[in-house]
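Notes to accompany the following structure.
We use all heavy atoms of the structure for the numbers below, so side chains are in, but hydrogens, waters and symmetry mates are not. Atoms within each ligand, like the ligands themselves, are counted from 1 in listed order.
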Amino acid sequence: MEIILANPRGFCAGVNMAIDCLDEAIRMFGSEIYVYHEIVHNKYVVERFTKQGVTFVNDVSEVPEGSILLYSAHGVSPEIRNQSRERKLQTIDATCPLVTKVHLEAIRYARGGYHILLIGHEGHDEVIGTMGEAPESITLVETPEEVAELPFGPDDKLAYLTQTTLSVTEAGAVIDALVERYPHIESPPKGDICYATTNRQDAISQLAPQADLVLVLGSQNSSNSRRLKEIGEAVGKPSYLIDTASELRPEWFEGINTVLISAGASAPEVVVEEVVDHLVKTFNATMREEVIREEHVHFPLPKELRRLQVTN
Ligand code: 0K2
Ligand code: SF4
């Protein structure tokens, strides 16, 4: 058996920053720290921090007054920031700067009198945060079919934004439908699907044709990881999204010669290594890594960390 390791895979700059931020906060203040939602959508990462004593909450009211609350990589709405202020929480914002960029675009378009069509998945943490910036001025659109149902006229001032972790192909189909119906619709020049999402999808698209099976490391609630598995399926290969090597099933490998392995932006490299080790031990597999693009993106830790250090 041969393993192809897709590169880029795994942690992106935003996830690295968010995880380093929480590690640093624990080092500075001890583990009595609260995190609003999962720091990233990955079971392994969340369990690691839970074992260290961190508490993940879905509501600000769960956090004792005056405590430290860290916002996850997916960002939060202004309402959550207000609730935190009311509870006198000390907050650390680990939102990825590329998510913040979408928030700022939403604010800018809303102030400019535009109605925003946000392409994204209903109920996703990032979508809830972005919509919260201008709830009256944003409508969520998930599919090209929904574009036909929109109530806006040809002369309305419209703009579109997207969630950062969508399928480039699926989002493209929604954008095409929007542009066809509203040729004057505006959008930020560079788009919102981030470099890491794009690169991991491109790697699977390019490499899956060489494989008989695609394994993606990541959690079921991770949007970008799910999209990677779906690309494997779209290429016509059996594809599985798993958290750890313990989920591997012997029957998946019957008649399989080449396995492509990738990992979502929130999946740590250690779970990739466990899967590779398992395949090497079980099938005497050999491995080659295919780099389709170099990544050199790095985000600094949020400055509140230093400010809190001074005041605590
Ligand atoms: O892919 P998702 O947006 O569900 O989020 P994660 O799996 O946590 O990946 C990191 C991306 C966070 C923000 O874009
Ligand atoms: Fe930021 Fe993209 Fe990573 Fe999300 S997937 S945290 S937007 S770099």
Side-chain angles (χ1 to χ4, degrees), residues 6 8-22 35-50 56 58 70-77 93-106 118-133 140 142 161-168 170-171 188 190-204 216-231 241-244 262-269 271-272 293-302:
R9 65 172 180 280
F11 280 7
C12 59
V15 167
N16 268 320
M17 182 276 286
I19 288 176
D20 287 352
C21 182
L22 185 48
V35 180
Y36 185 75
H37 290 150
E38 294 186 344
I39 179 79
V40 295
H41 293 148
N42 186 268
K43 261 192 194 172
Y44 189 100
V45 172
V46 170
E47 275 170 20
R48 197 261 275 183
F49 282 118
T50 304
F56 292 91
N58 288 318
L70 192 140
Y71 299 136
S72 80
H74 317 93
V76 295
S77 66
D93 191 355
T95 305
C96 174
L98 299 181
V99 173
T100 301
K101 168 181 159 277
V102 184
H103 283 230
L104 296 175
E105 287 162 354
L118 177 66
I119 305 168
H121 298 296
E122 189 169 13
H124 188 279
D125 291 342
E126 182 184 322
V127 163
I128 292 170
T130 306
M131 290 191 78
E133 293 290 356
L140 184 67
E142 291 197 72
L161 301 174
T162 80
Q163 188 181 327
T164 58
T165 49
L166 298 179
S167 150
V168 173
E170 285 171 10
K190 282 193 172 163
D192 298 318
I193 298 180
C194 79
Y195 81 95
T197 299
T198 308
N199 290 348
R200 281 149 192 70
Q201 290 179 15
D202 285 352
I204 298 260
V216 178
L217 276 302
S219 290
Q220 299 299 328
N221 64 338
S222 165
S223 170
N224 80 88
S225 305
R226 291 180 76 100
R227 304 295 81 83
L228 296 180
K229 182 199 117 172
E230 288 167 5
I231 290 172
L241 175 62
I242 53 172
D243 269 293
T244 63
S262 184
S266 48
E269 185 63 9
V271 293
V272 173
R293 203 161 295 145
E294 301 274 350
E295 287 183 349
H296 303 283
V297 182
H298 173 80
F299 298 130
L301 291 178

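In this structure, Glu295 contributes its side chain and Cys12 its backbone to no donor-acceptor pair below 3.5 Å. The main-chain N or O of His74 is found under 3.5 Å from a side-chain atom of Ser72 such that the two form a donor-acceptor pair. A donor-acceptor contact shorter than 3.5 Å links the side chain of Ser223 to the backbone of Thr165. Between the side chain of Gln201 and the backbone N or O of Asn224, no donor-acceptor pair lies under 3.5 Å. Side-chain N or O atoms of Arg9 include none that pairs as donor or acceptor with a backbone N or O of Arg200 at under 3.5 Å. Judged purely by atom type and a 3.5 angstrom limit, Thr197 uses its side chain to pair as donor or acceptor with the backbone of Thr164.
Residue-ligand proximity, His124 to ligand 1, at heavy-atom distances under 4.0 Å covers atoms 2 (P), 3 (O), 4 (O). Per-residue contacts place Glu126 under 4.0 angstrom from the following atoms of ligand 1 (heavy atoms of the residue considered): 14 (O). Atoms of ligand 1 found under 4.0 Å from any heavy atom of Thr164, numbered from 1 in the order shown, are 14 (O). Residue Asn221 approaches ligand 1 through these ligand atoms, each under 4.0 Å from one of its heavy atoms: 4 (O). Annotation for ligand 1: atoms under 4.0 Å from non-hydrogen atoms of Val40 are 8 (O). Below 4.0 Å from some heavy atom of Val15 lie the following atoms of ligand 1, by number and element: 10 (C). Residue Tyr195 has at least one heavy-atom neighbour below 4.0 Å for each of these atoms of ligand 2: 8 (S). Close contacts of ligand 1 with Thr165, meaning ligand atoms under 4.0 Å from a residue heavy atom, involve 1 (O), 2 (P), 3 (O), 14 (O). Every atom of ligand 1 is numbered from 1 in the order shown, and the set under 4.0 Å from a heavy atom of Ser266 is 6 (P), 7 (O), 8 (O), 9 (O).
Side-chain contact between Leu217 and Glu269: absent, with no pair of heavy atoms (C-beta onward) separated by less than 4.5 Å. Side-chain contact between Phe11 and Ile19: present, with at least one pair of heavy atoms (C-beta onward) separated by less than 4.5 Å.
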Would you please test Ile119 and Gln163 for side-chain contact (heavy atoms from CB on, under 4.5 Å) and show each step? CA-CA 6 Å; Ile119 305 168; Gln163 188 181 327; over 6 Å; no
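For atom 9 (O) of ligand 1, the nearest protein heavy atom (residue, atom name, distance) is Asn224 ND2, 3.1 Å. Of the protein's heavy atoms, His74 CD2, 3.4 Å lies nearest to atom 12 (C) of ligand 1.
Counting only protein atoms, the N, O or S atoms lying less than 2.8 Å from atom 3 (Fe) of ligand 2 are Cys12 SG, ordered by chain and residue number.
Residues in residues 35-48 take part in these salt bridge (charged side-chain N to carboxylate O under 4.0 Å, His left out) pairs, two or more places apart or across chains: Asp23-Arg48.
The backbone and the side chain of Ser223 each have at least one atom closer than 4.0 Å to an atom of ligand 1 (non-hydrogen atoms only).
Closest approach of Ile128 to Ser77, counting heavy atoms only: O-CB, 4.2 Å. Between Ser225 and Ser266, the shortest heavy-atom contact is OG-OG, 4.3 Å. In plain terms, the two heavy atoms of Cys21 and Leu70 that are nearest each other are SG-CD1, 3.9 Å.
In terms of polar-atom proximity, Gln163 is not counted as a contact of ligand 1, lacking any N or O under 3.5 Å from an N or O of the ligand. Here's the thing with Ser225: none of its N/O atoms is less than 3.5 angstrom from an N/O atom of ligand 1.
Taking 4.0 Å as the cut-off, Arg226 does not count as a neighbour of ligand 1 on heavy-atom distance.
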